[in-house]
Every structure is written in structure tokens, then in C-alpha cells.
**Student:** 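Here's a structure for you.
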Amino acid sequence: MPSSIPQLLSGLNPEQLAAVTLPPQHALILAGAGSGKTRVLTTRIAWLISTGQAGPHSILAVTFTNKAAKEMLARLSAMLPINTRGMWIGTFHGLCNRLLRAHYREAGLPQLFQILDQADQLSAIKRLVRSLNIDDEKFPPRELQHFINAQKEQGVRANAVEAWDDFARRRVEIYAAYEQQCQREGVVDFAELLLRSFELLERNEILRRHYQERFQHILVDEFQDTNRLQYAWLRQLAGKAMHIAGGRAKNDLPPNPLPGEGGDYPGAPINGAWIFAVGDDDQSIYAFRGAEVGNMRDLEREFKVAKVIRLEQNYRSHGNILDAANAIIKNNEARLGKNLWTDAGSGEPLRVFEANSDLDEARWIVEEIQGLSRDHSRSEIALLYRSNAQSRVLEHALFNARLPYRVYGGLRFFERQEIKHALAYLRLIANPDDDTAFARVVNFPTRGIGARSLEQLADAAKAQGSSLHAAIGQLGGKAQSSLSTFAQLIVRMREGSADLPLPEVVDHVLDLSGLREHYRNEKEGQDRLENLDELINAAASFVSEEGQHLATDVPMEEQSDLASFLAHASLEAGEHQAGDSDEAIQLMTVHSAKGLEFNVVFISGLEEGLFPHENAVPEERGLEEERRLMYVAVTRARQRLYLSFAQTRMLHGQTRYNLPSRFLDEIPAGLLKWLTPKLKNAYVPKEAPWQDEVKPKTSHKPLPLRRANAPPMHQAIAARREDDSGLRIGQNVMHAKFGQGVIIQSEGSGQDARVQVNFRHAGMKWLALSVAKLSPA
DNA sequence: ATTGACGCTATTTTT
DNA sequence: TAGCGTCAAT
């Protein structure tokens with residue numbers, strides 16, 4: 001058991017060591033990409049515990065993702081012979097959920113309150129909009145959702161929103177109505193978890209003091225991603241009260257003594273905790289979602305952080321990659337300042353490829369990957385792009401080449417339609433007043449409850465201010481009877497599963513609800529049936545791990561397995577996709593790549609308008625966030641980094657001519673090796689050792705030079721394409737699938753060029769040159 | 001209740 | 001381009 005202290009600390013560099021063993025005080029660790037951030041965080045916890053400075057229960061560690069939390073727990077258990085299960089290590093939302101479950105009464109919530117995920121929240125808002133007869137042109141549910149969440153994340157309740165005109169006032173009314181609806185239904189959305197638990201601590205002095213005394217060390221991961229509410233929540237627990245209304249910090253509550261200021265012995269703050277925040281302002285890429293990098297400066301100031309520790313030694317990437325990253329990020333104004341370095345050597349130059357089109361770019365990437373596959377496992381190769389739409393061309397090319405790939409960002413397990421349906425039934429068992437769940441499955445599988453019946457029901461519910469379920473009795477006629485049948489179904493489900501273990505409850509519900517039957521009869525229902533069975537498995541493994549989750553001193557008040565499982569399903573949407581083969585090329589947006597690393601990384605679509613994105617550039621601080629995004633992308637690569645862009649790209653059904661991304665210009669030319677002839681306006685240093693090695697992978701003639709801002713001429717592209725392919729009317733060609741043939745005629749130019757080929761066996765075909773692989777024969 | 005046509009829209013997204 | 005949501009038609 002590696003738990004001796006020297007062992008724990010061995011292998012840390014001086015800065016890491018300083019951070020890990022920092023004497024009790026508030027700390028801000030500026031941890032660059034690949035600098036061992038997670039290691040520092042977990043070792044710090046292990047060090048606090050094994051030196052006897054803190055008990056496991058006096059530590060609170062918070063992350064943003066479940067993945068990060070699990071990682072931390074796993075590493076901690078490897079370092080210390082303790083049971084980490086009862087520790088308060090989790091996501092902001094997970095910990096808030098825990099707090100609210102333990103004190104649901106004080107928080108004004110029903111014991112079995114449900115959590116709405118984004119999609120649930122949206123449908124709840126749509127339902128509200130309909131029931132209040134709100135013009136959804138004027139108030140699109142999506143915008144309302146955004147507005148409500150933004151308010152909550154600023155700590156602003158409906159009654160505190162400042163509204164100056166009719167529109168704003170109406171919007172606030174809707175916000176208020178939404179809050180009422182949630183309260184009546186016994187559900188909370190993600191932001192509500194945070195805000196509720198913040199308010200709980202703010203208002204309930206006993207609880208606040210309890211937790212402030214309990215937690216002596218608060219460790220925060222990815223601190224640059226915290227929003228105002230999360231920061232306020234941390235301050236609350238750390239013992240510094242803060243009002244966050246309107247985003248203005250109003251310290252008009254009598255502040256609790258700052259840790260250390262009122263304590264009479266060192267290292268043990270009375271009524272508060274020491275904050276140990278780890279973050280990287282250069283990797284702040286979620287401002288659009290409310291993250292406030294400014295929290296780092298605020299923490300430094302408000303908690304009087306004596307010295308910011310910088311972790312700048314990078315253990316991930318070769319020097320050239322880091323140099324490029326440093327050079328890029330240096331163009332940002334507002335930075336805390338940091339420069340990554342490595343002793344791993346400079347490695348290879350960054351390879352740059354200019355493609356004629358997005359299709360060419362994709363084909364080139366595929367060729368390059370095929371060449372790489374001897375030295376690198378496929379899962380060590382990542383294709384990154386700025387926006388999801390770009391994945392399609394890449395997927396297409398990979399598919400044609402029969403290269404296995406995996407796209408991040410699809411539907412996750414608990415977000416699948418059939419799973420959501422099943423969960424809705426489970427939710428109704430726990431709480432029949434959950435109208436979101438009710439509306440979702442009242443007529444699924446169809447049981448003859450039409451829109452008109454539901455409208456009547458909604459009206460009745462509104463009239464008596466009750467849930468849909470409770471309003472069934474108020475109806476008459478046909479609607480009444482079919483709805484009563486449904487209500488009885490829920491009752492039977494609840495009674496039938498009363499004493500069953502959770503997995504059997506799920507199983508039971510799948511049968512009684514008719515979901516199984518429904519998907520059995522559906523032609524494409526096989527996958528869905530399998531997923532439903534998988535849900536039973538998920539319930540089973542959840543229960544078997546659950547016993548340990550509850551090993552805590554927090555009174556969990558006979559929380560049922562069902563409620564915990566439902567919370568789990570909302571808070572952790574599960575794997576992104578059935579983890580097909582592990583041996584697959586990884587495709588993802590730059591955002592999703594944050595926190596990951598790969599031997600080989602391709603950053604594609606490095607074009608003005610795409611990356612940096614055109615919508616971001618005019619935004620305030622938008623370009624800087626794009627640049628941080630680029631910084632994140634570059635620092636994902638361990639050994640080899642490819643940068644590519646295309647002259648022509650199909651976007652929204654239109655051909656666009658983009659200029660190369662300015663971020664390419666921000667990389668010192670000496671770090672780059674152009675695989676295609678270099679652009680005219682780019683600087684070519686004499687001392688660059690790689691410039692004379694230029695050897696195009698594909699047969700690219702020197703490009704006609706073009707002025708910046710001038711779109712390439714059509715003729716130029718068309719001419720080049722003909723040159724490139726060497727195709728003309730009458731030409732004999734070979735095609736992979738159709739075999740030998742001859743070109744009959746052609747039309748279009750550039751991207752749209754097509755030829756008609758008469759194949760010996762396959763007959764007459766029109767082929768797009770940009771897609772079909774035709775070689776002269 | 002399901003199907004098809006039309007029109008709109010189109011960064012990024014932990015929980 | 002294509003994926004979605006709404007709407008009308010079956």
C-alpha cells in the first residue's frame with residue numbers, strides 16, 4: 001500500500017510539490033495543460049489525510065464532470081488505504097443533490113424530488129408556454145430556457161430580476177410561473193440544484209455552520225469554468241458569505257470570519273475552509289455558458305491568495321507543439337500569464353496541409369491516417385474540429401476507407417428516447433405529480449389519449465392549480481375513463497413493485513407500461529429493446545454500488561433506491577455512445593477534447609469563419625475565447641500535430657471560400673512544415689530546416705497565389721482540378737467499384753464537377769469528381 | 001395516429 | 001446540405 005508520505009510525494013516537480021504541501025491557506029494553482037493538475041489535486045488530498053491534517057470527511061473536492069470526479073476517486077483509492085466512498089468528492093451538481101436530499105425539508109423540497117435535465121427542462125417550459133397561452137414566436141421556449149438558467153446562475157430569482165419594459169416584465173412573469181410549476185411538480189433543474197443549495201446554506205445558519213465547520217479543505221478542479229453561482233456556493237462553504245444578485249457582489253451580510261482570521265490555532269480554520277483552486281485561465285472555453293474566468297482574479301483578491309503557484313512544466317507534448325501553443329496564446333490580452341515548457345525535446349514540426357476542398361481535406365486525412373496506423377493505435381489518433389457539422393465529411397471519408405471511428409457528442413445512454421420513456425414511468429411511480437414525466441408517457445405507447453383529452457386535462461389542472469395526475473378526477477366522459485385507466489396503470493406499477501429490488505422494478509415497469517411490447521412490434525425496435533434491457537443492468541449495477549455511496553454521516557433518510565437511481569440518471573447521462581470498438585479513430589469537437597490527450601491530433605477546418613468562428617469574432621472577448629480554444633486543441637497532441645484547412649468548403653448547402661485561419665499565422669513559421677506549397681503572404685525563415693523537404697502527399701500543383709480577402713477564382717479551381725486529375729472527355733478510367741469505363745461528358749467545375757462515365761459492366765453513371773475515385777487507365 | 005411536405009435554421013455544451 | 005418542427009392530409 002503506497003501510503004508513506006515520501007512515497008506519496010516522490011516524483012513531483014518542485015512546483016507540484018509546493019502546491020501539494022502548501023501549509024493551510026487559500027491557494028490558487030495555475031495549472032497549464034498537461035502539467036499534472038489532477039495528480040496535484042489528488043496528491044494534495046492524500047497528503048492532507050496521511051499527514052493527519054485532515055480527516056477524509058473534512059474534505060470537499062468538486063469537479064465539473066462525473067468523469068473527473070471518478071478519476072479523482074480512483075486515484076485516491078490507489079494512493080490511500082481508505083474508503084473514499086463516503087467522501088464528499090463529486091460534481092457541483094452531484095454534491096448539491098446530496099445536500100438537498102439530506103435536507104430536503106429545510107430546502108422546501110419533497111423527499112423524492114426529481115431532477116430535470118436540459119431536455120426535460122425544455123419540455124417543461126414548452127408545456128408552461130402552452131398552458132399560459134404564451135406566444136411562442138415572441139418567447140421561444142429555447143430562449144426562455146436560456147434566460148431562466150442565466151438568471152439562476154447569477155443567483156437571481158424571478159422577484160429580483162430588473163425588468164424595464166413590457167417584454168422583460170412578461171419574461172420575468174414566465175420565469176416566476178416556471179418556478180411555481182417546478183415547485184408544484186416537485187422537480188428541480190440543474191441550475192436549481194445549485195441555487196437551492198446555495199440558498200439553503202445562506203438562510204439556514206445551523207446548517208451553514210455545520211458544513212462550514214465540517215469542511216476544512218475545499219478543493220476545486222477546473223476553477224476557470226466556475227460561474228458566479230458556483231463561486232458564491234464555494235464562498236459560502238468556505239465561510240465568506242456573498243450576495244450575488246445581478247452578478248454584483250454585495251457583501252451586505254455580516255461576513256463570517258474569514259478562515260484563519262478568527263481561528264486560534266493554525267491549520268484549523270474556525271467556521272470555514274481553505275480553498276485550493278486549480279485552474280487554467282488559458283483553457284477557459286465555456287464563457288458562452290456562463291463560466292467566469294474572472295473568478296480566478298476574484299479568488300485571488302477576496303481570499304488574499306498570497307502566491308499563485310504556476311505549474312508550467314508539461315509532461316504531455318513535444319517542444320514544438322508547446323512552442324506553437326505558447327505563441328498562439330500570447331496574443332491574448334487578458335491572461336494571468338504562463339508559459340509551458342518541457343524537457344522532452346522539440347520533436348517533429350507541425351504539419352500543415354492546404355486542401356482544395358473539404359472533401360480533399362478529408363481524403364488527405366484518411367490517407368495520412370492509413371500511413372500512421374503502423375505506429376499508432378487508432379484510438380491514439382484524434383480528429384478535432386470546431387463545429388459538429390464538420391464531422392460529416394470526415395466520417396464519410398473514414399467510412400469509405402473502412403477505418404473504424406468513433407464520434408463523440410451523440411446521444412448518450414440516459415438521453416435515448418426509449419430510456420427516457422422508461423424513466424418517465426419510474427418517475428411517476430415515485431411522484432405522480434411529475435407532469436413532465438406524465439405528459440411524456442401518458443400516451444406512449446399509444447392508448448387512445450388524444451390531444452383533446454390532454455387539453456381538457458391541462459385546463460382542469462390549471463383551474464384547480466394541481467398536477468395533471470390530480471386533475472383526472474375532474475374530467476368527464478371519454479377522456480375521464482381512458483385517463484383513469486392510465487392512472488390505475490401507474491398505481492398498479494407502484495403496488496406491483498413495492499417490495500421488489502430496483503432492477504426488477506424496472507423490468508416490471510417495462511412490461512406493464514407496454515414499452516417492451518411496443519418496441520417489439522416496431523421494425524427498427526431491436527436496438528431499443530436491447531437498450532431497455534441495458535437499463536435493467538444499469539439499475540442492477542447502480543444498486544450494487546449504492547451501498548457504499550450511502551456510507552456517510554449525512555442522514556439520507558431512507559432514500560429509496562429508485563429515487564437515487566433517477567437522480568443518477570439525470571446527473572450522469574452515461575456514455576456518449578455504446579463504446580463500439582476501442583480501436584477507433586476519435587472524432588470530436590475541440591470543446592469535447594478538453595482534458596483529453598492523443599499521440600496524433602489533426603485540427604481540421606482551420607479557416608477564418610470556421611475557426612475562429614464567424615459568430616464569435618464580433619462578440620466581445622469572442623476572439624480571445626476562440627484563441628483559447630485553439631490553444632486547447634493544440635495542447636491535446638503528444639507527438640504529432642497536423643493542421644489543415646480547405647480553400648473551398650460546403651457549408652449550409654453553399655460553397656464557401658475561406659481564408660486560412662489567423663491562428664496559423666500566429667504560429668512561428670519555423671515550427672511548421674508545409675505539406676503543400678506555402679502561402680504567398682506567409683513568412684519563410686531561412687533558418688527553418690524543414691522548408692526544403694516540402695513534398696506534397698497528393699499531387700498538388702503550386703497554387704495560383706491569391707491575395708488575402710480575395711476569394712479564389714472559379715476558373716483557377718476548375719483548371720487546377722483538370723490538371724490534377726488529368727481527366728478529359730474520352731479518357732479511360734478505373735473506378736474502385738464500377739471497374740473500367742470511359743468518360744462521356746462532363747459538367748460543372750470545381751467542387752461541382754461531374755463526369756458521365758460509361759462503364760464496361762456497370763453501365764452509364766454520373767459521378768462527382770470530388771467523391772468518386774477515378775484514376776486514368 | 002401516422003405520414004409527408006414545407007420551411008426554417010445552422011458554434012461550442014460538463015450537469 | 002440536412003435535420004428539425006409544424007402542419008395538413010390520409
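Below, chain A is the first sequence line, B the second, and so on; all start at residue 1.
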**Student:** Could you state the CG-C1' distance from A:Asp136 to C:dT6, rounded to the nearest angstrom?
**Tutor:**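 The distance from CG of A:Asp136 to C1' of C:dT6 comes to 10 Å, rounded to the nearest Å.
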**Student:** Could you state the atom-to-atom distance from CG of A:Asp189 to P of B:dT13 in whole Å?
**Tutor:**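 Distance, rounded to whole Å: 21 Å.
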**Student:** Do the charged groups of A:Arg130 and A:Glu455 touch, with an N to O distance under 4.0 Å?
**Tutor:**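 A salt bridge is absent here (no side-chain N lies under 4.0 Å from a carboxylate O).
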**Student:** Quick one: classify the glycosidic conformation of B:dT11 as syn or anti, with syn meaning within 90° of 0.
**Tutor:**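 Glycosidic conformation of B:dT11: syn.
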**Student:** Can you list, by residue number, the residues of residues 119-129 of chain A that have a non-hydrogen atom closer than 4.0 angstrom to DNA chain B?
**Tutor:**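 Those residues: none at all.
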**Student:** What nucleic acid atoms does A:Glu222 come within less than 4.0 Å of, heavy atoms only: base, sugar-phosphate, or nothing?
**Tutor:**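 Here A:Glu222 touches no strand at all.
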**Student:** Assess whether salt bridge (charged side-chain N to carboxylate O under 4.0 Å, His left out) is satisfied between A:Arg289 and A:Asp225, documenting all intermediate values.
**Tutor:** CA-CA 9 Å; A:Arg289 210 171 44 191; A:Asp225 287 338; over 6 Å; no
**Student:** Measure CG/A:Leu587 against P/B:dT12 and give the value in whole Å, please.
**Tutor:**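 These atoms are roughly 14 Å apart.
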**Student:** A:Arg101 and A:Leu112: which non-hydrogen atoms are nearest, and at how many Å?
**Tutor:**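 Scanning both residues completely, I find the closest heavy atoms to be NH1-C, 3.9 Å.
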**Student:** For the pair made of CG in A:Asp358 and C1' in C:dT1, what is the distance, rounded to whole Å?
**Tutor:**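 The distance from CG of A:Asp358 to C1' of C:dT1 comes to 11 Å, rounded to the nearest Å.
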**Student:** Can you check the A:Phe288 CZ to B:dT12 C1' distance for me, whole Å?
**Tutor:**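 So the two atoms are 4 Å apart, to the nearest Å.
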**Student:** Give a yes/no answer on whether the side chain of A:Thr63 brings an N or O atom under 4.0 Å of OP1 or OP2 in B:dT14.
**Tutor:**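 No, A:Thr63 has no side-chain N/O under 4.0 Å of OP1/OP2 on B:dT14.
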**Student:** Within a radius of less than 6.0 Å around CZ of A:Arg447, do more than 12 heavy atoms belonging to other residues, nucleotides or ligands occur?
**Tutor:**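 Yes.
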**Student:** Determine whether the aromatic ring of A:Phe64 stacks with the base of B:dT15, defined as ring centroids separated by less than 5.5 Å and ring planes inclined by less than 30°.
**Tutor:**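 Stack criterion not met.
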**Student:** What is the distance, to the nearest angstrom, from the CG atom on A:Asn149 to the C1' atom on B:dT14?
**Tutor:**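 Taking atom C1' of B:dT14 as the reference, CG of A:Asn149 is at 14 Å.
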**Student:** Classify A:Asn227 by what it touches in the nucleic acid, base, sugar-phosphate, or nothing, heavy-atom distance under 4.0 Å.
**Tutor:**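 No contact.
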**Student:** For A:Asp189, is there an ion pair with A:Lys152 - N to carboxylate O distance below 4.0 angstrom?
**Tutor:**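 Result for this pair is yes, salt bridge flagged.
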**Student:** Hey, what are the protein-to-nucleotides 2-4 of chain C N/O distances that come in under 3.5 Å?
**Tutor:**
residue, atom, partner, partner atom, Å
C:dA2, OP1, A:Arg392, NH2, 2.3

**Student:** Are any of the side-chain nitrogens in A:Glu395 or A:Arg392 under 4.0 Å away from the carboxylate oxygens of its partner?
**Tutor:**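 Looking at A:Arg392 together with A:Glu395, the answer is no, because their closest N to O distance does not fall below 4.0 Å.
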**Student:** May I ask you to check if A:Arg406 and A:Tyr408 form a cation-pi contact, with NZ or CZ under 6.0 angstrom from the six-membered ring centre and within 45° of the axis?
**Tutor:**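 A:Arg406 over A:Tyr408 ring: yes.
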**Student:** Quantified in whole Å, what is the C1' atom distance between nucleotide C:dG5 and nucleotide B:dT12?
**Tutor:**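 Each nucleotide's C1' atom is 23 Å from the other's.
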**Student:** Go through the structure and list residues passing ring pair (Phe, Tyr, Trp, His ring centres under 6.0 Å) with A:Phe611, not counting sequence neighbours.
**Tutor:**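 Counting only residues at least two positions away or on another chain, A:Phe611 forms a ring pair (Phe, Tyr, Trp, His ring centres under 6.0 Å) with A:Phe663.
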**Student:** How about A:Phe598 and A:Gln586: do any of their side-chain heavy atoms sit closer than 4.5 Å?
**Tutor:**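 In contact.
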**Student:** Quickly work out the A:Glu153 CD to B:dT13 C1' distance and round it to whole Å.
**Tutor:**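 For the pair A:Glu153 CD and B:dT13 C1', the rounded distance is 11 Å.
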**Student:** Quick one: ring pair (Phe, Tyr, Trp, His ring centres under 6.0 Å) partners of A:His591, sequence neighbours excluded?
**Tutor:**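 Here the qualifying residues are A:Tyr286, A:Phe288.
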**Student:** What pairs of residues pass the ring-ring contact (aromatic ring centres under 6.0 Å, His included) test when at least one of them lies in residues 117-140 of chain A, not counting sequence neighbours?
**Tutor:**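 Pairs touching residues 117-140 of chain A that pass the test: A:Phe139-A:Phe167.
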**Student:** If each of A:His591 and A:Ala573 is mapped to the nucleotide of DNA chain B with the nearest heavy atom, which maps nearer the 5' terminus, i.e. the 5' end?
**Tutor:**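 Of the two residues, A:His591 wins.
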**Student:** Take the protein atom CG of A:Asp135 and the nucleotide atom P of C:dT6, then report the distance between them rounded to whole Å.
**Tutor:**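 Value for this atom pair: 14 Å.
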**Student:** Tabulated below should be each protein N or O lying under 3.5 Å from an N or O of nucleotides 2-11 of chain B; please produce it.
**Tutor:**
residue, atom, partner, partner atom, Å
B:dA10, N3, A:His652, ND1, 3.3
B:dT11, O4', A:His613, NE2, 3.2
B:dT11, O4, A:Glu619, OE2, 2.7

**Student:** Can you check whether any acceptor in the base of B:dT15 is under 3.5 Å from a donor in the side chain of A:Gln118, or vice versa?
**Tutor:**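 Checked by distance alone, the answer is yes.
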